[in-house]
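A note on names: the letters A, B, ... follow the listed sequences, proteins ahead of strands, and every chain is numbered from 1. Hydrogens, waters and symmetry mates are skipped; everything else that's a heavy atom, side chains included, is used.
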Amino acid sequence: MVSIKLDNVGLVYKLHEKLTLSAPDRRVGRPGGRIEGSGRKQFVQALDGVSFELKAGDRLGLVGPNGAGKTTLLKVLYGIYEPSAGNVAIEGKVDALFNINIGFRREATGRRNIVLRGLISGWTEAEIEEKMEDIIAFSELGDFIDLPFKAYSQGMAARLAFSAATALDPEILLMDEWIGAGDASFQEKAKRRMDELAERAGIIVLASHSEGLIQSVCTKRLTLRSGRVESLTMEPAKRAGTVARP
Amino acid sequence: MIAVFNGAVDDISKAMRLHRVWIALAHEDIGDQHRRTTLGPLWLLVNYVAFVGTFVFVFQPAGKDAAGYAAYVAIGLLVWFYLMEVMSLSVSLFQREESFIEGTTLPLFVYVMRLALQSSIRAGYAIAGCVAILLLSGPSIASPWLWSVAGLLLILLVTPAMITVFAFLGAFFPDSQFIVGNLLRVGMFFTPVFWVYNGQEGVQKYAYHWNPFTYFLEIVRLPIMKGEFPAHAFTVTIVMSLATWMIALLLLGRYRRQIIFII
Ligand SMILES: Nc1ncnc2c1ncn2[C@@H]1O[C@H](COP(=O)(O)OP(=O)(O)OP(=O)(O)O)[C@@H](O)[C@H]1O
Ligand SMILES: [Mg+2]
């Protein structure tokens, strides 16, 4: 059964882990979150006591101001960051779409990037080849598929990434803001595909500042503020009623 | 300790299951470097042969020592360039892979193997050049040459461990990228790559016996130059290789989850 369960998850970015020969230290912390400590021991508490549970079919929208911890939470869910505190239990095959510069090879063609992406997800060349035409068709990139990835516009890159990731049958799909780079017609298509995924008993977690996108895709909404869960509610457009924060 | 070790083994076995990924990426790397050049990766061969040629031209001793010198330098440079390339690329490995490390959950050993494979493909071109020089320059093929092949294999086996150690060093201690770069540049003169040690006293004596690279060179070179099995050099190299693997496993097991936070 596909599910996500977070229990009191915390994540701390330490800012001065590296050893260096330079004098300690003039590098400054980034704005937006909670910078604590001083000197060599500065750290950012990006997530703090985050608990929630998602089950098959849930579509969660992550909202909150810049620096609230949305991207960090997605990366914890994906397994890139090991949480500094608490427990993460995830059942299901996870795929994630972060920003465009992440996880793609800029010099390689779109087609080659699809292959690489598939290999990374543990597919064989033959299995990827089988899905290749579907992926290209869904992305509507046409002849651009054989140009290097670096020649793509943001929206084109988003199309490629989304098409590839969803064609590889993830059970849990994590998406950061940039999927919004696609144009209206593609967002409509993408939304349908996400609906299918959720209906096949998958889970979607989408971080976005776009109210429209969240409302049209999501059934639940998690508001983060300074790394803490402010509220977890049902999306009124989809279902009535509010769940209390866990 | 056991947990650390298990962590490392887990990372490595996951990476081995994903061998298709690093094989594909390593080929991309080679392709990228030579994409718009006419000779493509053959430039690697040209570079190597030009280097050997220059050294032979400038340093070839007069008289009866002259004969084997081309072979001596050819093998020396083959191994030295390989080790130097591996080490200097390793210290910045995790920084260069930042985009994949931040966007995927690939085990770190995938990046290690990607570099290991890439370096050995590149070395393959130099090996072709080296074999050609050996065949042209004198010593006739004999069975001890097989020990040289064994020596090369040993170097290949220790490569992933070396990459791991230097990659963690470079990630946790960024200054080391420059330190290692400089040491390697100087190191060539303190390693019997192009000078021959004949038991003389002085700096060369210490540089010969106390330099770990000497032994990596000698396990490949002595069987061909002297036609014998260099037991001492092999022993030292095997011990060093095991130690390197131990350190690599410890680092990988203990710190692999920290890398993402510090690159
Ligand atoms: N690599 C990092 N090193 C140190 N601090 C970081 C790092 N990445 C994020 N942070 C900090 O963690 C906090 C949460 O960042 P995060 O990127 O998760 O925010 P976000 O909600 O995605 O913001 P945005 O809406 O701008 O995308 C911020 O305070 C940020 O400064
Ligand atoms: Mg973000």
> How far apart are the closest heavy atoms of B:S99 and A:F104, and which atoms are they?
Replying inline: OG-O, 4.1 Å
> Based on non-hydrogen pairs under 4.5 Å, which of A:E107, A:R112, A:R117 is most in contact with chain B?
Replying inline: A:R112
> Between B:L106 and A:I120, which heavy-atom pair has the shortest distance, and what is it?
Replying inline: CD2-CG2, 3.8 Å
>> What part of B:R20 gets within 4.5 angstrom of chain A, counting heavy atoms only: side chain, backbone, both, or neither?
In response: both
>> For B:A24 versus A:L119, what's the shortest heavy-atom pair and its separation?
In response: CB-CD1, 3.7 Å
>> Less than 4.5 Å to any heavy atom of chain B: does that hold for the side chain of A:L11, its backbone, both, or neither?
In response: side chain
> Taking the six-membered ring for Trp, are A:Y81 and B:F261 parallel (under 30°), tilted (30 to 60°) or perpendicular (over 60°)?
Replying inline: parallel
> Can you name the closest pair of heavy atoms from B:E28 and A:A108 and give their distance?
Replying inline: OE1-CB, 3.5 Å
> Between B:E102 and A:K75, what is the shortest heavy-atom contact and its length?
Replying inline: O-CE, 3.6 Å
> Would A:R105 and B:L25 satisfy side-chain contact (heavy atoms from CB on, under 4.5 Å), going step by step from the backbone distance to the final call?
Replying inline: CA-CA 9 Å; A:R105 248 185 106 72; B:L25 288 173; 4.1 Å; yes
> With a 4.5 angstrom heavy-atom cut-off, which part of A:L116 approaches chain B: side chain, backbone, both or neither?
Replying inline: side chain
> Which heavy atom of A:G122 sits nearest a heavy atom of B:L18, and at what distance?
Replying inline: CA-CD2, 4.2 Å
